[in-house]
Amino acid sequence: MRAIVCAAFGEPETLTVGDLPAPAAGAGEVLIDVTAAGVSFADTLMIRDMHQNKHPLPFAPGMEVAGRIAATGAGVTDFKPGDRVMALVYDGGYATQAKAAATETFPLPEGVSDAAAAALCSVYLTAHCALAFEARLQPGETLLVLGAAGGVGLAAVEVGKALGATVIAAAGGAEKTAVATAHGADAVIDYRTEDLRQRALDLSGAGVDVVFDPVAGDYYEPSFRALDWGGRYLTIGYAGGAIPKIPANLLLVKNRAALGFALMHYRRRHTALLRQSADTLLAWAAAGVVRPRIAADMPLADAPTAMRAVMDRKAIGKYVLTVSP
Ligand SMILES: NC(=O)c1ccc[n+]([C@@H]2O[C@H](COP(=O)([O-])OP(=O)(O)OC[C@H]3O[C@@H](n4cnc5c(N)ncnc54)[C@H](OP(=O)(O)O)[C@@H]3O)[C@@H](O)[C@H]2O)c1
């Protein structure tokens, strides 16, 4: 099958368009004819051997796809060939075929395009599982989202609004904060030019209830210190660099909690909740409650360009690769 091939760990520009053996659906798995693949920050880590999961060479990057079921493995009863689906995969998304666990494959409703599903899949599942199940975000609470125009950040803005929260979106630059506003943020902070902690305190009154942080680096501490009594800090990722070291006294003084979140936990151990989350998100997408923003829709061969844009902090929403047979 045709694929974007990572034959040696390195930068996006070292990837090539080539052939890899087509995967086969094993027990509990489905084989998908891929029509669209989402580009994630994690893809840029796996090709440089910086991702927490190891990927034996050669492989195709890509952790989320949309397409049609081509075949089903033993024991799979929920899907049949031809069904439109989106799926989480471990790698191999940037290819004409990918295999996925049936527990990580979700039927697409009418009204959700393949490109929208590829843009929604991993980032909206991350935002929804983290906010609804881990932070237990309540209607009327205040949510501060960092990196709010990035893939997972913009998803958290929309999911936070759909869960009934007041959302403060923090991002770098006017173009990014404007996109967050267009996707429902109640207030915005440009953390390149404004004092993140002070603005979050001013906007929220007493402080925010939940921080959703996929960026960390310089922004972890001011956002953490903006948490109100009983506030919850979700550590989602480290796109900005340094991994936070959270002192216990910052937890103690206001009964705060720091919550780790890896979508993998739900993929491996809470598949019923993952499915519930996907059903909710796809219904919201079909109804227009959430509107995944496609930064650009590109042919498969342009994967290196899309990955470089993500690494250069240029992505606003999600890059999607269109895959033709
Ligand atoms: N825990 C999980 O299960 C899970 C799931 C999905 C993603 N993640 C993680 O979440 C993070 C964001 O993923 P994503 O796909 O949303 O990425 P993305 O679309 O590239 O967004 C990342 C955001 O981080 C900010 N940023 C700050 N410094 C950056 C830098 N040096 N390089 C790139 N971005 C920088 C940028 O926003 P500003 O310019 O506005 O600062 C950017 O929009 C990654 O670390 C990813 O691995 C974790």
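Atoms within a ligand are numbered from 1 in the order they appear, just like the ligands themselves.
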Answer with yes or no whether the side chains of [Y] and [X] bring together a donor and an acceptor at under 3.5 Å.
| X | Y | result |
| --- | --- | --- |
| Tyr266 | Glu134 | yes |
| Thr177 | Asp190 | no |
| Tyr220 | Asp213 | no |

Item to check | Point-to-point distance, once rounded to the nearest 0.5 Å, from OG of Ser113 to CD1 of Ile294 | outcome: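 Here the interatomic distance stands at 5.5 Å.
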Checklist entry - Which atom pair, heavy atoms only, marks the closest approach of Thr72 to Ala25? => result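 Heavy atoms of Thr72 and Ala25 come nearest at C-CB, 4.2 Å.
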Item to check | Counterpart residues, side chain to side chain contact (heavy atoms under 4.5 Å, CB included), relative to Arg313 (two or more places apart) | outcome: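 Side chain to side chain contact (heavy atoms under 4.5 Å, CB included) list for Arg313, sorted by chain: Lys176, Tyr191, Arg192, Tyr219.
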For ligand 1, output the ligand-protein N/O contacts shorter than 3.5 angstrom; if there are none, return none.
unit_1	atom_1	unit_2	atom_2	d
ligand 1	1 (N)	Ile236	O	2.9
ligand 1	1 (N)	Phe261	O	2.8
ligand 1	3 (O)	Leu263	N	2.8
ligand 1	15 (O)	Phe41	N	3.3
ligand 1	16 (O)	Gly151	N	3.3
ligand 1	16 (O)	Val152	N	2.7
ligand 1	19 (O)	Gly151	N	2.8
ligand 1	31 (N)	Ala239	O	3.4
ligand 1	39 (O)	Lys176	NZ	2.7
ligand 1	39 (O)	Arg313	NE	2.7
ligand 1	40 (O)	Gly172	N	2.8
ligand 1	40 (O)	Tyr191	OH	3.3
ligand 1	41 (O)	Tyr191	OH	2.5
ligand 1	41 (O)	Arg313	NE	3.4
ligand 1	41 (O)	Arg313	NH2	2.9
ligand 1	45 (O)	Tyr238	N	3.3

